[in-house]
Protein chains: 2
Amino acid sequence: MKSEKISELTTNRLSVYLRCLKDLADGGHETVSSEALAKAYNLNSAQIRKDLANFGEFGVRGVGYCIKSLRENLTDILGLNSRRRVCIIGAGRLGAALANYYISSGKNFEVVALFDVDQQKIGKKISDVEVFDVKDFAAVAKRAKIEVAVLAVPAESAQSIADVVMGAGIKAVMNFAPVPLKVCEDVKLKTVDLTTSLDSLSYYLAGADRSNGKHMKPNGGGGRI
Amino acid sequence: MKSEKISELTTNRLSVYLRCLKDLADGGHETVSSEALAKAYNLNSAQIRKDLANFGEFGVRGVGYCIKSLRENLTDILGLNSRRRVCIIGAGRLGAALANYYISSGKNFEVVALFDVDQQKIGKKISDVEVFDVKDFAAVAKRAKIEVAVLAVPAESAQSIADVVMGAGIKAVMNFAPVPLKVCEDVKLKTVDLTTSLDSLSYYLAGADRSNGKHMKPNGGGGRI
DNA sequence: TGATGTGAAGCGGTTCACAGCC
DNA sequence: GGCTGTGAACCGCTTCACATCA
């Protein structure tokens, strides 16, 4: 138990561990060692132990971890005991797909509102979630107790919408617009850039094309989680 | 110019630089210094110079970088001169949204095929792209000269589909299924885990909830690109 | 014995600071 | 003078290796 700053890389892995443990529990297992867990899901056993040790001594030496209690602990650590209330801004295809994805995948997050500027869409429902006017964001966010905003809007409007979101007191933002947003210190921003991701793959392919393998990065093996 | 191994973090940033440069060019600028670029898009000037220096001496001391030629160089480095041929496997909402996203955003990638197992969808068109039976993957991939596969399938089938994709000789895979896939050494895999991303935000919110701020990680300021 | 928890080593990426060049 | 290119310092994450304990 160390109680230092926990990096985002660590919390990402905790989420992965939690899923793996669910998988094992579904398979009827009751305990698991860091080594077995690592083997099964190609992770690193030392890293698993270190990650968990940040939050307490969950294991039993000579035995491993009790899956049931470790799941409870991780759920607690990640704050997933109660469902987080999420909204998605931008009710285009990406927004709609994300809404559907988060609604249908698991019980951790609840999509309580969609927002858009398009008057055609406002008032309609997508996957049973109402689309509101982004003009009313602050009021709706307060009423619906929204904790997380997912931005699925065009690059041009992303920053101004982020400002609206922050103005409404939202502290967690996930951004799918391909721009580096500027946010306040106390707001947690996570950007998923679907464009750079593909560009990066293109670089790898270009490397394979290049006659001399100079810039190749042969480590294909998956990269970080 | 160093010609060492280039990390994925670097190539991701190159893609971001390229977009920023396009933005500047559209704004009528002709040259830019690393400092100005960093200021405008909240990046780090030393890092910009280091990243670029990996590939050549593109700048002019005392002046900065010529935007036009730097764009050409970056486009070349990232292998974005010719459009990359992409397919999307899984023609559900996420797959359809991604298809639409990549079709409408820029000219770098061309979605040439969709795949699914659902007989209802096969043969139909989504955003003008035909949906094929995933059984025919190898043949279609060869015929359509597919270079990149985007996996938008359920977690359960992700690994087996990845195996099919690799079997067909595809060397670049982008995975949206929330599982750690196992891939060959020479295949470049990029996983975007929409679940862990949200879980990670939840951890941050839980930290704000926690009475003692022990596990809080106050660095909200955007994180890595 | 067997697996955890952890100090220490190792590694890679970022930042600094300045020499070198226009 | 100004800005690039870069060695060196710094920092944080990962991996190792082992003391520790059921």
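Naming: A, B, ... by sequence-line order, numbering from 1 per chain. Bear in mind that the values here come from a model prediction, so they are computed numbers and not experimental data.
- When the C1' atom of D:dT6 is taken as reference, atom CZ of B:Phe58 falls 16 Å away, rounded to whole Å.
- Here D:dC13 presents its P atom at 10 Å from CG of A:Asn54, a figure rounded to the nearest Å.
- The side chain of B:Arg49 lies closest to C:dC18 when the candidates are C:dT15, C:dG5, C:dC18.
- The two residues B:Cys87 and B:Ile146 have their closest heavy-atom pair at CB-CD1, 3.5 Å.
- Considering every non-hydrogen atom in both B:Ser202 and A:Gly79, the closest pair reads OG-O, 3.2 Å.
- Taking side-chain N and O atoms only, B:Asn44 has no distance below 4.0 Å to OP1 or OP2 of C:dT14.
- Side-chain contact of B:Lys190 with B:Asn12: a donor-acceptor pair under 3.5 Å is present, judged by distance alone.
- With rounding to whole Å, A:Ile48 atom CD1 is found 14 Å from C:dG5 atom C1'.
- The stretch residues 18-35 of chain A touches DNA chain C through A:Ser33, A:Ser34, each having a heavy atom within less than 4.0 Å of the strand.
- Look at CG on A:Leu9: it is 14 Å from C1' on D:dC11, rounded to the nearest Å.
- In the interface, the side chain of A:Arg61 is not paired with the base of C:dG2 through any donor and acceptor atom under 3.5 Å apart.
- Between the C1' atom of C:dA3 and the CD1 atom of A:Ile67 lies a distance of 15 Å, rounded to the nearest Å.
- Under the ring pair (Phe, Tyr, Trp, His ring centres under 6.0 Å) criterion, B:Phe137 pairs with B:Phe115, sequence neighbours left out.
- Nucleotide D:dC3 holds its C1' atom 13 Å from the CG atom of B:Leu52, rounded to whole Å.
- Side-chain proximity of A:Ala46 to C:dG13, D:dA17, D:dT14: nearest is D:dA17.
- Within the 4.5 Å cutoff, no side-chain heavy atoms of A:Val173 are placed close to those of A:Val148.
- Under 4.0 angstrom from either OP1 or OP2 of C:dG5 there lies at least one side-chain N or O belonging to A:Tyr65.
- Between the CD atom of B:Gln47 and the P atom of C:dA17 there is a distance of 17 Å, given to the nearest Å.
- Between B:Lys22 and B:Arg71 the shortest side-chain heavy-atom distance falls below 4.5 Å.
- Side-chain atoms of B:Asp26 never come within 3.5 Å of backbone atoms of B:Asp23 as a donor-acceptor pair (strictly under, hydrogens ignored).
- Rounded to a whole Å, the CG atom of B:Leu37 is 13 Å from the P atom of D:dG5.
- Between B:Arg13 and C:dT14 there is a side-chain polar atom (N or O) within less than 4.0 angstrom of OP1 or OP2.
- Side-chain to base pairing of B:Lys50 with D:dG7: one donor and one acceptor N or O lie within less than 3.5 Å of each other.
- For A:Val60, the side-chain atoms get nearest to D:dA22 when compared with the rest of C:dG13, D:dA22, D:dT6.
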